[in-house]
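For reference, the structure discussed in these notes is given below.
Chain identifiers are assigned alphabetically (A, B, ...) following the order of the sequence lines, protein sequences preceding nucleic acid strands; residue numbering begins at 1 within each chain. In what follows, every heavy atom counts, from backbone to side chain, and hydrogens, waters and symmetry copies are set aside.
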Amino acid sequence: MVEKPSRTHYASDITPERDGERAELLGWVHEVRDLGGIKFILLRDVSGICQITVRKKELGERAADEIKDLGFEDVIWVRGVVKRQPKARLGVEVVGEEIRVLAKAERPLPYDITGKVPANIDTRLDHRVLDLRKPENKAIFLIASTALKAIREFLRERGFIEVRTPRIIATATEGGAALFEVNYFGRKAYLAQSPQLYKEQLTTVFERVFEIGTFFRAEESHTRRHVSEFTSVDIESAFMDYRDVMEVLENLIAHVHRRVLEERERELNLIGVELEVPKTPFPRYSYDELVEELRGMGEDIEWGQDFGTPHLRRLGEAHKGYYFITDFPTESKPFYIQPRRDKPEVSESFDLMYEWLELASGGTRISDKALLERRIREQGLNPESFKEHLKVFGYGMPMHAGWGLGFDRLMMVLTNRWNIREVILYPRDVFRLTP
RNA sequence: GCCCUGGUAGUAUAGUCCGGUUAGUAUACGGGCCUGUCGAGCCCGUGACCCGGGUUCAAAUCCCGGCCAGGGCGCCA
């Protein structure tokens, strides 16, 4: 049987106030500085990093021998005494009495994780697990974990039920976006690009539903904000319109900021981010207003055409922070978006922007079966392939609205990262399928 | 899918325009010295021009093709 090592303290428990306590720690060798007669080991565990100091003379022969060859990322067990130490940067250290190497790491490691030499994103992703051990990279995902928790607690408090919809589907949900094909027992199937139709159906059961899930797009995008596998936060609610769900969304975003600030101050400091809770309500601008604004800037834009990236970048310069774009032309939106009754050429729709980055998109959905069928046809799609979905609209479909939020993009904003791949543990894009 | 830029030790880079000694530096790695380091320091050492073709007396350097990477556009979250 493998001997189970014991632990009495985590690295973050090693504080000057605990001077004199006996401690046993487990972790990875983050750094070693060997001065000959004295050796400093930085031990890293899930909680953080602490300094272990060992004096060769005071250490037994066996223990001294054990750590003679200590290298980066070796797993060690340490027993010693906590000592207040003004000479150490953290003001405290553990004077090691016994050290055992539990697992050796190979060397040289593919790249330096202490940050002395930078690495390209590609190299980092090739050795992702090592990369994630860097405290500032780990911090991103601790923040993500808090953000996910905050989203769940916020939505549950407001009566939303967490659901899970299929990833393997028979037909394209919205047309347009390229889907990955799957061989499903000899039949053609696809990986879901969104839970859209399922979450709409489920509002007739649970009224308010949400899902946090992974979805897929087979677009060959070469940008720093697109990947082929991404995490989406989706909500859908019966008896709400787009104004109602925009309110849910902006309050959710503010709540996530608040929680991350409360629980991840240390991680935010580590990555050098000064987060603020955004003021609600977020500014709302209609598509029409922004078309005028862009024209005022000298941009050539035809009414009805969706904003291109250059347009969004200009808008992002003019509008800092979060804002909504509302009432998009019906033509530019998916078939299930409700056209405005008073002005059918625009729709009850919105995008949530952070400067130039699109974070979420949503709207009131069509609940009238005949209208939905007509819209499917108008978009050049075949109602026959949506018959499973359409039949639900004959069973009593209330008005409803919802949105989908790109969680990874929200993480880019929260952590101020340049590339979406940095906020995904194991990103998948056109070129990357491993690790 | 289209466009731009790039590929030099494990990692990150200089050198490439304007072809010509031993391809420089940092870090990592190996050896040595060192009892207060915290980007530890000092000495010694190992280690690289993406692949193929062409031009040339001579190619890391110029040309062509391929592969790989970063990014922009399109599309979208």
What protein N or O atoms touch nucleotides 7-11 of chain B N or O atoms at under 3.5 angstrom, if any, and at what distances?
| residue | atom | partner | partner atom | Å |
| --- | --- | --- | --- | --- |
| B:rG10 | O2' | A:Pro110 | O | 2.5 |
| B:rU11 | O4' | A:Pro110 | O | 3.2 |
| B:rU11 | O2' | A:Pro118 | O | 3.3 |

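Both A:Ser232 and A:Thr223 lie near RNA chain B, and the one whose nearest nucleotide falls closer to the 5' end is A:Thr223. Both A:Ser221 and A:Ile420 lie close to RNA chain B; mapped to their nearest nucleotides by heavy-atom distance, the more 5′-ward contact belongs to A:Ser221.
Classification of the A:Tyr322-A:Phe282 ring pair by plane angle, with boundaries at 30° and 60°, yields parallel.
Each of B:rG72, B:rC75, B:rA77 was ranked by its minimum atom distance to the side chain of A:Arg224; first place goes to B:rG72. For A:Asp306, counting side-chain heavy atoms from C-beta on, the closest listed nucleotide (B:rC29, B:rC76, B:rG39) is B:rC76. When distances are taken from the side chain of A:Trp418 to each of B:rG39, B:rG71, B:rG74, the shortest belongs to B:rG71.
Within the cation-pi definition used here (under 6.0 Å to the ring centroid, within 45° of the axis), A:Arg158 qualifies as a partner of A:Phe154.
Neither OP1 nor OP2 of B:rG39 sits under 4.0 Å from any side-chain N or O of A:Thr114. Residue A:Lys39 has no polar side-chain atom (N or O) positioned under 4.0 Å from OP1 or OP2 of B:rU37. Here A:Arg421 does not reach the OP1 or OP2 of B:rG70: none of its side-chain N or O atoms lies under 4.0 Å away. Taking 4.0 angstrom as the limit, A:Arg432 places none of its side-chain polar atoms (N or O) nearer than this to OP1 or OP2 of B:rA69. One finds no side-chain N or O of A:Arg409 lying less than 4.0 angstrom from the OP1 or OP2 phosphate oxygen of B:rC76. At the phosphate of B:rG70, neither OP1 nor OP2 sits under 4.0 Å from any side-chain N or O atom of A:Arg124.
A donor-acceptor contact under 3.5 Å is formed by the side chain of A:His226 with the base of B:rC75. With hydrogens and angles ignored, no donor-acceptor pair under 3.5 angstrom links the side chain of A:Arg225 to the base of B:rA77. Judged by distance alone, with hydrogens and angles left aside, A:Glu358 brings a side-chain donor or acceptor within reach of the base of B:rC76, the pair sitting under 3.5 Å.
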Q | ring pair (Phe, Tyr, Trp, His ring centres under 6.0 Å) between A:Phe307 and A:Tyr287, worked out | A | CA-CA 9 Å; A:Phe307 296 127; A:Tyr287 172 86; 5.0 Å; yes
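With centroids closer than 5.5 Å and planes inclined by less than 30 degrees as the test, A:Phe230 and the base of B:rA77 pass as a stacked pair.
Between the CG atom of A:Asp122 and the C1' atom of B:rC68 there is a distance of 8 Å, rounded to whole Å.
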